[in-house]
Amino acid sequence: MSEIESLKGQLDSLQTAALVAFAQAEDLSALQQLRVHYLGKKGALTEVLKGVGKLPPAERPVIGQYVNQTKAALTQALELSEAELAVKGKALRIEAERLDITLSGRKQAVGALHPVQQGLDEITAIFAQMGFAVAEGPEIEDEFHNFDALNIPPEHPARAMHDTFFLKDLHSDSGEPMLLRTHTSPVQIRTMKRFLAEHGEPPLAVVAPGRVYRCDYDVTHSPMFHQVEVFKVDRDVSMAHLKGVLQHFLSTYFEKEVGIRLRPHYFPFTEPSAEVDISCVFCAAKGCRICKGSGWIEVLGSGMIHPNVLRSVGIDGDEFSGFAFGLGVERLVMLKKGIPDLRLFFENDVRFLRRMGVSK
Ligand code: DAH
């Protein structure tokens, strides 16, 4: 074999070996070592080039070109492997640095309105939708608004029945003792007075939700509870209007057609007065433990506003008439949701609140 053929053969096997080695290099630093090994100053290619000097001068350019081709092939293969390893290295790094973000987060408990507040809002909204204006009054009242103006004079037995909390150290401007209102009926007086001062005369229709206080505590009584007072004054208001409003309200609130019954009763601030029963929502009026076998459940007090009450705010009872009623919010919520004990509302046991959808 001639010298030049031998050199070409060496270059061919060097190239083959180098390409295999480049392709198998594990990482960039291994590749760098291979570059030095094959293409470095003291590398394998340089070693082969030493043989070029032994060739006759005419053959040198031929082998020179061959060497350049080999060098170019090696350089190209190196660059390719380098690029591949760079990509692979990045992928490996990403994999190694990967964070597991799939751990589920801590749930935030979502709050909600207390069942009594939900009831107040629901009841108020039904009347607002019928056109009643929403009004509020103070929880600290004087005897005039809580009693006298509502036709409950001093010494009237109804005063004793109200279990009033008196505020010993507080007195009104006229020296009267102050108290925690025992019902929302005084809002009738305050609202009628304010309305007349602004508008001169009826009509007015009002719904007044709020807290009331009585010194009493057992399964069906709490010292603080909620009432909604509803009243309307106009010319020719009759008990038929009262009954129609009640029928609509109670059927809307209980989300079904409930039967209602007005039973004659006595309240100082209405004449005539009636207690209102609904057909039992638990047994469809067949008679059960809740309605004590009667098929009826008492839900509120009502009547035609007493002429003395209208007179106390300066409305002429011969020209105007009005109906009024007052209901206990806790009682209506208990009936709607089947809650057996009033005290559950105020103990705030989370198991009860969860069941009522207050807390998750
Ligand atoms: N104020 C009464 C109470 O708390 C409830 C009531 C009864 C209100 C009859 C009224 C009514 O407006 O007409 O016991």
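Order of appearance sets the numbers: ligands from 1, and atoms from 1 within every ligand.
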(request) May I have all residue pairs that pass side-chain hydrogen bond (donor to acceptor under 3.5 Å, both in side chains) and include part of residues 312-328, sequence neighbours excluded? (result) Arg235-Glu319
(request) Output the rest of the hydrophobic cluster of Trp296: all Ile, Leu, Val, Met, Phe, Trp and Tyr residues reachable through side-chain heavy-atom contacts under 4.5 Å, sorted by chain and number. (result) none
(request) Any ring pair (Phe, Tyr, Trp, His ring centres under 6.0 Å) involving residues 119-147? Give me the pairs, sequence neighbours left out, ordered by first then second residue. (result) Phe127-Phe132, Phe127-Phe249, Phe127-Phe325, Phe147-His162
(request) Run through ligand 1 for me and note each protein residue having a heavy atom under 4.0 Å from it, chain first, then residue number. (result) His183, Ser185, Gln188, Arg214, Gln227, Glu229, Phe267, Phe269, Thr270, Gly301, Ser302, Gly303, Ala324, Phe325, Gly326
(message) Under 6.0 Å between ring centres: does that hold for His199 and Phe195?
(response) yes
(message) Students often mix this up, so state it plainly: with edges at 30° and 60°, are the rings of Tyr266 and His156 parallel, tilted or perpendicular?
(response) parallel
(request) Check whether the side chains of Tyr213 and Glu139 place a donor and an acceptor atom closer than 3.5 Å, and report yes or no. (result) yes
